[in-house]
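Written below as structure tokens is the structure these notes are about.
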Amino acid sequence: MIDTCFADGMRALSELIEGGAELRDACAVMFEENERVIFTGNGYSAEWPAEAESRGLPNLRDAASAAEAFNSAENKELFERMGVFTPAEVDARAECFLENYVSCIEIEAQTMIEMVKQGVEPALSADLATHSSSTESKRYTSRFETYEAVSGSCEELEAALAGIEEVEDLNGKAVACRDTVKVAMEALR
């Protein structure tokens with residue numbers, strides 16, 4: 001993507017020069033048109049999303065958003081103009097990106113569920129059993145509530161993961177992974 005954008009920029013510069021503009025003037029025109037994308041700060045800082053928005057730049061924070069942007073009409077036109085991909089090839093690549101994203105999230109979520117059920121919950125149960133003689137104590141009650149929350153969060157993750165199967169289209173599955181499964185995974189963590 002970056003190389004294609006760079007090549008397209010060089011094409012635009014070449015057209016200005018071949019159209020009669022001096023090199024310095026052509027560069028000045030391109031700089032003026034694209035100045036908003038020049039940023040030498042920290043693109044990972046908490047301030048970056050606001051900065052990107054003020055510059056009119058996208059801030060793609062997840063794979064589902066990136067795949068959607070990659071598959072935009074504007075990018076299809078760019079790839080076709082530069083002879084990199086046909087629109088059908090862009091569609092196919094975006095589909096592969098989304099399939100990989102959904103697959104990875106499903107595997108991570110399923111692994112997390114298995115870890116909780118096979119390792120964490122038994123350990124929590126054993127710990128709770130050591131305090132069972134004092135079921136009225138604050139320590140027991142606190143532990144019980146915390147351990148119940150872990151089990152509840154695991155059930156919510158299972159439900160979110162099962163919900164993906166009900167979604168028909170791949171883009172919808174990716175959005176569900178991003179908006180429900182990853183959120184449930186974070187809550188369980």
Which heavy atom in C27 sits nearest to a heavy atom in L13, and how many Å separate them?
N-CD1, 4.0 Å
Does this structure show an ion pair linking K173 with E166, if we count only N-O contacts that are shorter than 4.0 Å?
no
Is it true that V29 and M10 fall in one hydrophobic cluster, defined by side-chain heavy atoms closer than 4.5 Å?
yes
Please determine, by modelled atom types, if S153 and R189 share a side-chain donor-acceptor pair under 3.5 angstrom.
no
I'd like to know if E15 and R11 make a salt bridge, using a cut-off of under 4.0 Å between side-chain N and carboxylate O.
yes
Taking atom CZ of F85 as the centre, does the number of heavy atoms from other residues, nucleotides or ligands within less than 6.0 Å exceed 12?
yes
Look up atom CD1 in I113 and atom CD in E108, then write down how far apart they are to the nearest 0.5 Å.
12.0 Å
How close do M185 and I105 get, heavy atom to heavy atom, and via which atoms?
SD-O, 4.5 Å
Assess whether atom CZ of R143 is packed by more than 12 heavy atoms of other residues, nucleotides or ligands within 6.0 Å.
yes
CA sep, side-chain torsions, deciding dist, call: R55, E51, salt bridge (charged side-chain N to carboxylate O under 4.0 Å, His left out)
CA-CA 6 Å; R55 293 166 176 251; E51 179 69 26; 2.6 Å; yes
Return the orientation label for the F79 and F70 ring planes: parallel under 30°, perpendicular over 60°, tilted otherwise.
tilted
Group every Ile, Leu, Val, Met, Phe, Trp and Tyr by side-chain heavy-atom contacts under 4.5 Å, then state whether Y147 and Y140 land in the same group.
yes
I'd like to know whether E158 forms a side chain to side chain contact (heavy atoms under 4.5 Å, CB included) with K117, so could you lay out the CA-CA distance, the side-chain angles of the two residues, the decisive distance to 0.1 Å, and finally the verdict.
CA-CA 11 Å; E158 285 180 296; K117 288 184 178 266; 3.1 Å; yes
Show every salt bridge (Lys or Arg N to Asp or Glu O under 4.0 Å) that has at least one partner inside residues 68-81, sequence neighbours left out.
D8-R81, K76-D91, E77-R81
Cluster link M30 to L78, ILVMFWY, side chain under 4.5 Å
no
Closest non-hydrogen atom pair between C154 and L188, with its separation:
N-CD1, 3.8 Å
Nearest 0.5 Å, please: how far is CG in N171 from CD in E95?
11.0 Å
Classify the ring geometry between W48 and F39 as parallel (under 30°), tilted (30 to 60°) or perpendicular (over 60°).
tilted
If hydrophobic clusters are built from ILVMFWY residues whose side chains come within less than 4.5 Å, do V120 and L128 share one?
yes
Minimum-distance pair of heavy atoms, taken over all atoms of L60 and A69:
CD1-CB, 3.6 Å
Between N100 and S103, does a side-chain hydrogen bond (donor to acceptor under 3.5 Å, both in side chains) hold up when you go through it step by step?
CA-CA 5 Å; N100 183 59; S103 178; 5.8 Å; no
To the nearest 0.5 Å, atom CG of D62 lies from atom CZ of R178 at 4.5 Å
Heavy-atom closest contact (G56 atom, R36 atom, distance)
O-NH1, 3.0 Å
Where do A109 and V181 come nearest, in terms of heavy atoms and distance?
CB-CG1, 3.7 Å
Please check if L157 and V175 belong to a single hydrophobic cluster, counting links between Ile, Leu, Val, Met, Phe, Trp and Tyr side chain heavy atoms closer than 4.5 Å.
no
